[in-house]
Amino acid sequence: MKPDVPATKPPAPAFPLPQPRHAARLPADLAPEDWARIRQAAFALPQVLTPSDLDDGSEDALEHLGAIQISKAAGGARPSRWILPAHIPAALAQLEATPQAPTLRSLMQQRLHQLESLGLRREGLVFTRLCVHPLTLAHEGWRVDLSHRVPVPEAPVWAFFRDGDAAALRHALGQPPAYSYTAELTLHLNHLVARSEALGDAGQLASLLPRLQAECGVPMPYEDLKAALTRAQDRWEQQVEEQSTLASLGRELAFQGYPDSFGTARKLGRKVTLYLGPPNSGKTHAAFERLSQALDGAYLAPLRLLALEGRDRLVGRGVPCSLLTGEESVPAENARVVSSTIEMVNTRDVVDVAVIDEAQMLFDDSRGWAWTQAIVGVPARELIIIASAYAAPAIERLLQLCGEKPDKRVFERKQQVQLMPAPVPMSHLLAGDAVVAFSRRDVLMLRDQISQDGHAVSVIYGALPPEVRRREAERFAVGASDVLVATDAIGMGLNLPIRRVLFSTLTKFDGVGDRELSVSEVHQIAGRAGRYGMHDEGFVSVLKEAEADAMKILRQLLPKEPRAPRDFKAPVAPNWRHVQTISQRLGLNKLQAVLDIFMQQLRLDDAHFAVAELEQMLELAERLDREARQLSLKDRFIYAQAPVDARLPQLLEEFASWAAHHAHTGQAGTPRFLDEYDQHGRLDRMEQALRICTLWLWLDLRFPGVYGYVDAVVDLRGRLNDGIERHLKGKRPLWQRRGR
């Protein structure tokens, strides 16, 4: 009888692949060790693709192209990785020139940014080059710079990734090819200008050129560009012909003339200046100096807290100033200026000077529409726009669509923020340190841990009411607390004596999942270190207790310059004129249907504008149409803009109940929450009560005589503020009683 033979494992495949059938796609002469090198460096090789690189955005598209899957998608945000068989030799050549090393990815990212600075980028499987050609027009030698993209061969691009020789790349690409439709486009532009000249309004003609330039500055197919230029001239012509009566979108249901719907601003010939610079560069101080000298004016802030601070700045300069936010209107006697949140912008009444703060918020997914509206719609003879420098091109393009060309004033930071050589242990915190986290839970947990080491701690996070945030900031400013623990709320204009900014993490939850901080977020937060006039220098680092690679990520992000979103389009939200126009033209009375039409029609001219995120407004509109349909369309539209967080069921139910009561009886009813909450509850319960108070006051401001009980609600709000502050100043642990 033969002895048992132990079973042996089958040999491992020479080419380990997530999809074994892809082995047939590998080049016949590819060695297993070369494939292993590609797999190990797949995260960094420029030849490697992910599904998001294609318009389709799916793995099926890569499969259809005959690509080879290198790795499957992993948990979190890591996508699957693929490579085309034809690109394997280029990938191997890349590894020969730049061997696999911890610095390979950052080197490839650096060269990718160099490519973009040269006007090259990958679009799907093709590299394209941005070409700019000047076109000279017949009218007074007007010049328009035409942008268009042309495909370029891969070989010189792969060579640049290998050697980084930009001069060789430029030489290989040669001179930009001539634009195929130069003669036809010049003829069309001359025709449009001649048509405009025929109107006989020479004073207005100069404002046509920036509009034509704005269209030519966006690469698009010739026929689309020709149509866009015609629309631009049509909008200009409509402005000239109908300026005296322009109060809405006129006859353009597609809203292609969004800037021209702000007739008062368009009549003024505004003087616009961009105040550009990093945090702590003095640009806001300079803007307030100018505003304090104005005959009358407006300061438009991103947060209620900053509107309060803006009013105090002006009052401190002897300028009477009113306050207007979503939930309160506090007029001042003989007020020359109003300090308000940006959503409360007045686009009807002319002022001498207006200041728009933190205009890089134009890129914000949920609130950017408010900056679009303010930038194009503020009726100020002089408009000052404060922003980070990387936002300037997007703002300039938006102003060009208004027929305006801004001046620029660049501010330099008084002292630079220095990256510390190593992480800082929590036990080594010093007075003047600010520790940054990105959730309420983490802020409170850090507050508890740091307090145990004997530090007095102030905290700032988004759910805190502005009054409490201000008191916490003041405690830190006067030395009543020596350490600040805060979310990225400190990156938004607060004047605090911070010497060192220490990140507790370099990731944040953005409502969908955890992601790494962006370059602009890191700069905005780190820039709060070393406040001029308070500290001679500023430092930034991470806590030693942060994730293992946090310091490495910070070292990578801090030297980079913030960048605007690629192919950015200014977000636009509907106002009452839009809603009224659609309702009257199409005979619609359901708010949700009107908003759907707005979204569909605006997309007809999407070269410069995009519909803002309106999901919450649509959700509220559907419920209002169903439960409060007796309200007028205008009233339902006002309700749909209320600051209701649809993720909080109790707040949503209170809101719907008040609206339904208003619809059926003309009154919102009794605010039951006055008897349900007080200043002795849990921290999270008091924060919830404050949201309810804020919502009630917001609605009372817009529906006088319907809500009422203002004194009682304001009294409860004040008591809740005191109760929250008492919790924060106390010694009891807080983080266990929390939500994200």
Side-chain angles (χ1 to χ4, degrees), residues 301-309 323-330 341 343-344 367 439-441 443-444 447 458-475 485-487 489-490 492 494 616 639 641-659 668-702 707-730 732 734-740:
L303 301 172
R304 177 171 173 256
L305 177 60
L306 293 186
L308 290 167
E309 187 176 287
L323 177 70
L324 179 63
T325 71
E327 62 198 77
E328 63 201 326
S329 176
V330 185
T341 45
E343 285 87 353
M344 301 298 291
R367 296 181 64 212
S439 71
R440 174 185 183 275
R441 173 189 184 276
V443 165
L444 294 178
R447 172 250 187 210
S458 288
V459 300
I460 294 175
Y461 55 88
L464 286 181
E467 291 84 0
V468 176
R469 273 189 268 179
R470 197 174 190 182
R471 293 175 200 170
E472 288 292 288
E474 287 172 354
R475 286 180 59 221
V485 181
T487 61
I490 64 166
M492 196 66 72
L494 285 171
Q616 176 162 302
Y639 267 104
Q641 298 171 76
V644 185
D645 190 337
R647 296 170 299 179
L648 301 175
Q650 183 172 352
L651 189 63
L652 187 59
E653 290 306 316
E654 292 271 20
F655 167 80
S657 171
W658 301 339
T670 304
R672 296 190 303 272
F673 62 87
L674 290 173
D675 299 321
E676 295 173 0
Y677 298 95
D678 61 29
Q679 67 273 30
H680 303 296
R682 298 192 317 268
L683 179 61
D684 57 346
R685 181 170 168 80
M686 286 193 287
E687 289 172 355
Q688 177 174 284
L690 272 168
R691 290 176 184 264
I692 297 174
C693 290
T694 295
L695 181 58
W696 181 277
L697 294 171
W698 190 96
L699 291 165
D700 177 78
L701 195 61
R702 287 152 182 81
Y707 279 78
Y709 300 91
V710 171
D711 290 342
V713 175
V714 170
D715 175 69
L716 175 59
R717 184 177 69 176
R719 288 186 284 118
L720 290 168
N721 286 337
D722 293 340
I724 290 173
E725 186 180 15
R726 187 172 60 253
H727 270 294
L728 297 179
K729 291 170 67 176
R732 294 181 60 189
L734 296 175
W735 73 269
Q736 294 93 338
R737 295 186 289 277
R738 50 62 184 134
R740 181 155 206 153

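Residue numbers start at 1 and run along the sequence shown. Everything numeric here is computed off the predicted structure, so don't read it as measured data.
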Looking at [X] and [Y], what are the two nearest heavy atoms and their distance?
X	Y	result
Thr325	Leu701	O-CD2, 3.6 Å
Ala486	Val443	C-CG2, 4.0 Å
Gly326	Thr341	N-OG1, 3.8 Å
Arg717	Arg304	NH1-NH2, 3.6 Å
Leu303	Arg367	CD2-NH1, 4.3 Å
Gln616	Asp645	OE1-CA, 4.1 Å

Should [X] and [Y] count as side-chain neighbours, where that means a heavy-atom distance under 4.5 Å?
X	Y	result
Arg719	Met686	no
Thr487	Ser439	no
Val713	Tyr707	no
Arg475	Lys729	yes
Leu690	Leu464	no
Leu728	Arg471	no
Asp722	Gln679	no
Glu654	Arg672	yes

How far does [atom1] of [X] sit from [atom2] of [Y], to the nearest 0.5 angstrom?
X	Y	atom1	atom2	result
Leu720	Asp715	CG	CG	9.5 Å
Leu305	Ile460	CG	CD1	7.5 Å
His680	Arg685	NE2	CZ	13.0 Å
His727	Leu683	NE2	CG	6.0 Å
Trp698	Phe655	CH2	CZ	8.0 Å
Leu695	Asp700	CG	CG	11.5 Å

* **Evaluation steps, side-chain contact (heavy atoms from CB on, under 4.5 Å), between Tyr461 and Glu472** => CA-CA 10 Å; Tyr461 55 88; Glu472 288 292 288; over 6 Å; no
* **Leu323/Glu328 under side-chain contact (heavy atoms from CB on, under 4.5 Å): CA gap, chis, key distance, verdict** => CA-CA 8 Å; Leu323 177 70; Glu328 63 201 326; 3.9 Å; yes
* Asked: Trp696 vs Trp658 aromatic rings, parallel, tilted or perpendicular, using cut-offs 30° and 60°?
  -> perpendicular
